[in-house]
A.B. asks: 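Quick one: the structure is below, and I'll ask about it shortly.
Worth knowing before you read on, the calculation uses all heavy atoms, side chains too, and leaves out hydrogens, waters and symmetry mates. Order of the sequence lines fixes the chain letters, A, B, ..., with proteins taken first and strands second; residue numbering starts at 1 for each chain.
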Protein chains: 2
Amino acid sequence: MAECQGDGEGAKSPMELYEKLTAQGEQVRALKTAKATKADVDAAVQLLIKLKTDYKQMTGQDYKAGCPPSENSVAPDNGPAAGGADDEDTVDPWNVSTNNAKGVDYDKLILRFGSSKVDKELVDRIEKVSGQKPHRFLRRGIFFSHRDMHQVLDAYEKQKSFYLYTGRGPSSEAMHVGHLIPFIFTKWLQDVFDIPLVVQLTDDEKYLWKDLSLEDCHRFAVENAKDIIACGFDVNKTFIFSDLDYMGASPEFYRNVVKVQKHVTFNQVKGIFGFTDSDCIGKISFPAIQAAPSFSSSFPQIFKGRKDIQCLIPCHRPGPLLQDDP
Amino acid sequence: MAECQGDGEGAKSPMELYEKLTAQGEQVRALKTAKATKADVDAAVQLLIKLKTDYKQMTGQDYKAGCPPSENSVAPDNGPAAGGADDEDTVDPWNVSTNNAKGVDYDKLILRFGSSKVDKELVDRIEKVSGQKPHRFLRRGIFFSHRDMHQVLDAYEKQKSFYLYTGRGPSSEAMHVGHLIPFIFTKWLQDVFDIPLVVQLTDDEKYLWKDLSLEDCHRFAVENAKDIIACGFDVNKTFIFSDLDYMGASPEFYRNVVKVQKHVTFNQVKGIFGFTDSDCIGKISFPAIQAAPSFSSSFPQIFKGRKDIQCLIPCHRPGPLLQDDP
């Protein structure tokens, strides 16, 4: 989905990582002592596991509480050979990097993210259901992973339609060719399934993350919309909106934002996005604004108040993934 | 302003408070080490000082790092005598309580909050500027404190108008007489100064804090609006709005919300409202929604896009205070 900037949480030295791990361990204990909700504890544990994996990768040793790393702790270099260390790929909502000369291991990534592979069976099924030759991005494995795509196709075969949701964080006047990848693929999906598309331009997000004025972010949204329109989407089935405009124009959209905001804690977004206590409250609550368009009730003007229409989210970060609604 | 529920941060035992203090001390050190912004450090230090004061009050001893309180640490009872311990009054955005049999010491409160007393000079000046006998709530000291009220009167004398902003958190169908205090006083202010009034009904806040449905909160807002209308405000100069409706109807309002959200960190709201990592992200960002109506640009339909109109906020929590805009 929309590309955005994070403070990240990458520790630079083994000692720094060791200290983060110790603090996170204390955090998990504190949550359990305070009888926090299962979701909060799970989110904290998830971050703890990630830090432990990072620590092992960086130092080559298991983390042991009370035993700081020695000064010359450095991970053994696995070289470019296949089958190296388990976590040589680093993928978070903002960055993709790898130590492996062969590039990111997408199969491992799919396993870690709990999504599914876009395999031959799925590509064949898309061809059968849509009656069209699959897009080259599918045949060539550019969009390599999905979640519950079969569920959307099941419904489609039973004459139950779905809609597409994608977006863009407007941080500059013009989009480059890399930004167009998800839009080119989305255009194909709209054509073959003949379904509605909503495109969220997160000008509010860009204002919160970058050193830009609200006016500039909104102007970039308008400019970027022109580039998106140029992809040739169906004018009768496409809704492109700026958050700054649509939030102030749709009580239904805001209601869904508030509903998501009520059911997500700071602990959860901290675990997922790496937010810290020094982040502004706008960043912390922003994930709810990006989640809301995946509910069809956010667009009563399109779906006539129906709340049960499934949503497919073509996106390319981290890497091109096909996601269903949450 | 709108009454709302918080998890609070009241420790029940000296040991619990001691542990909170130790954790907060570590937090301050961590922020300084991480070279956090001055605002963040200040907010954390402020909370630390408050905890130290509470600790002294509870145990009768100064907090000393590394020295947990003994099991029978109990504060000496100062009795009902005047001039007891410095912090026998506890006032936060949700609660007002005191150990002093004579009640809350409002003079000390004014000192702690850095506001000013509504003294005879101010009451006389309000009479002179408005040409009306001051309201009984002013003469009897019910509204006992203010911030920058003279500034608003200075401007008014130079024919520069101001507007009033108050609100209500709609958590039930009917309002009781205590809820009406700020509205009765606000009605008088509107009458004598002949100025616009905006009333924010925070139905979104009630949904976030209470176990209520969005629909119920919105319905309570509509019901409460009837009680507020019954106070007799000027129909041509009064705007009563539900957040759930107005957020989705005014891009200008949402823009001000986002602007506030960008300039307030989690550390700051944690210090002021006592939020924790287990609170939902909606609560954490809510203060921005309550701040936005104090900017006249949130209401272009009333102020024709003017951004420089001062705002006076009659409110009664904590205790009746008169506040200017931030």
Side-chain angles (χ1 to χ4, degrees), chain A residues 19 23 26-27 30-31 34-37 39-41 43-44 203-205 207-209 213-215 217-218 242-270 275-289, chain B residues 19 23 26-27 30-31 34-37 39-41 43-44 203-205 207-209 213-215 217-218 242-270 275-289:
Chain A
E19 281 166 359
E26 279 164 15
Q27 166 77 354
L31 284 172
K35 298 204 196 312
T37 63
D40 281 350
V41 175
D203 40 11
D204 49 357
E205 175 200 17
Y207 170 72
L208 290 166
W209 259 266
S213 72
L214 213 49
E215 292 68 29
C217 292
H218 185 258
S242 126
D243 279 347
L244 289 173
D245 288 340
Y246 192 57
M247 185 75 90
S250 170
E252 294 81 4
F253 183 53
Y254 178 55
R255 279 166 203 227
N256 281 340
V257 168
V258 175
K259 281 186 183 176
V260 176
Q261 283 182 341
K262 180 169 180 166
H263 296 95
V264 176
T265 69
F266 181 58
N267 270 320
Q268 291 173 310
V269 294
K270 199 163 71 168
F275 294 142
T276 72
D277 289 13
S278 298
D279 276 312
C280 73
I281 58 176
K283 286 186 187 180
I284 291 167
S285 60
F286 182 76
I289 296 174
Chain B
E19 281 166 359
E26 278 164 16
Q27 166 77 354
L31 284 172
K35 298 203 195 312
T37 63
D40 281 349
V41 175
D203 40 10
D204 48 356
E205 174 201 15
Y207 171 72
L208 290 167
W209 259 265
S213 72
L214 213 49
E215 292 68 29
C217 292
H218 185 257
S242 127
D243 279 346
L244 289 174
D245 288 340
Y246 192 57
M247 185 75 91
S250 170
E252 294 82 3
F253 183 53
Y254 178 56
R255 279 166 203 228
N256 281 340
V257 168
V258 176
K259 281 185 183 178
V260 176
Q261 282 182 342
K262 179 169 179 165
H263 296 95
V264 176
T265 68
F266 181 59
N267 270 320
Q268 290 173 311
V269 294
K270 198 162 71 168
F275 294 141
T276 72
D277 289 12
S278 298
D279 276 313
C280 73
I281 58 177
K283 285 186 185 179
I284 291 167
S285 61
F286 182 75
I289 295 174

A.B. asks: Out of B/Glu252, B/Gln27, B/His218, B/Glu26, return the one with the most heavy atom pairs under 4.5 angstrom to chain A.
C.D. replies: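 Highest number of heavy-atom pairs under 4.5 Å: B/His218.
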A.B. asks: Which atoms form the tightest heavy-atom contact between B/Gly248 and A/Pro251, and what is the distance?
C.D. replies: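 Minimum heavy-atom separation between B/Gly248 and A/Pro251: O-CD, 3.4 Å.
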A.B. asks: Which atoms of A/Gln268 are under 4.5 Å from chain B, going by heavy atoms: the side chain, the backbone, both sets, or neither?
C.D. replies: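 Contact with chain B is absent: no heavy atom of A/Gln268 under 4.5 Å.
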A.B. asks: Side chain, backbone, both or neither: which part of A/Val258 has a non-hydrogen atom closer than 4.5 Å to chain B?
C.D. replies: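 Contact with chain B: backbone and side chain both.
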A.B. asks: Measuring from A/His263:NE2 to B/Cys280:SG, what's the distance to the nearest 0.5 Å?
C.D. replies: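 So the gap between those two atoms works out to 8.5 Å.
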A.B. asks: Side chain, backbone, both or neither: which part of B/Val264 has a non-hydrogen atom closer than 4.5 Å to chain A?
C.D. replies: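 Both parts, backbone and side chain.
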A.B. asks: For B/Ile284 and A/Phe266, work out which heavy atoms get closest and say how close.
C.D. replies: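 Reported closest heavy-atom pair: CD1-CB, 3.5 Å.
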A.B. asks: How long is the straight-line distance from NZ of B/Lys259 back to CG of A/Leu208, given to the nearest 0.5 Å?
C.D. replies: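 NZ of B/Lys259 is found 12.5 Å from CG of A/Leu208.
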A.B. asks: Quick one: does any side-chain atom of B/Asn267 pair with a main-chain N or O of A/Asp277 as donor and acceptor, under 3.5 Å?
C.D. replies: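 Side chain of B/Asn267 to backbone of A/Asp277: a pair is present.
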A.B. asks: If you compare all heavy atoms of B/Ser278 against all heavy atoms of A/Thr265, which two are closest, and at what distance to 0.1 Å?
C.D. replies: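 Closest approach of B/Ser278 to A/Thr265, heavy atoms only: O-CG2, 3.4 Å.
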A.B. asks: Could you look at A/Leu214 and say if it's the side chain, the backbone, both or neither that has a heavy atom under 4.5 Å from chain B?
C.D. replies: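 It is the side chain, since no backbone atom gets that close.
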A.B. asks: Could you give me the CA-CA distance, side-chain angles and deciding distance for A/Asp245 and B/Arg255, then say whether salt bridge (charged side-chain N to carboxylate O under 4.0 Å, His left out) is met?
C.D. replies: CA-CA 9 Å; A/Asp245 288 340; B/Arg255 279 166 203 228; 3.1 Å; yes
A.B. asks: Of the backbone (N, CA, C, O) and the side chain (C-beta and beyond), which part of A/Phe253 lies under 4.5 Å from a heavy atom of chain B, both, or neither?
C.D. replies: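 Looking at A/Phe253, nothing touches chain B.
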A.B. asks: How close do A/Ile281 and B/Ala288 get, counting heavy atoms only, and between which atoms?
C.D. replies: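 A/Ile281 and B/Ala288 have their closest heavy atoms at CD1-CB, 4.3 Å.
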A.B. asks: For residues A/Asp204 and B/Tyr254, report the shortest heavy-atom separation together with the two atoms involved.
C.D. replies: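 Heavy atoms only, the tightest pair is OD2-OH, 2.7 Å.
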A.B. asks: By a 4.5 Å heavy-atom criterion (distance strictly below it), what part of A/Asp40 contacts chain B: side chain, backbone, both, or neither?
C.D. replies: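 Side chain only.
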A.B. asks: Could you look at B/Thr37 and say if it's the side chain, the backbone, both or neither that has a heavy atom under 4.5 Å from chain A?
C.D. replies: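 Looking at B/Thr37, nothing touches chain A.
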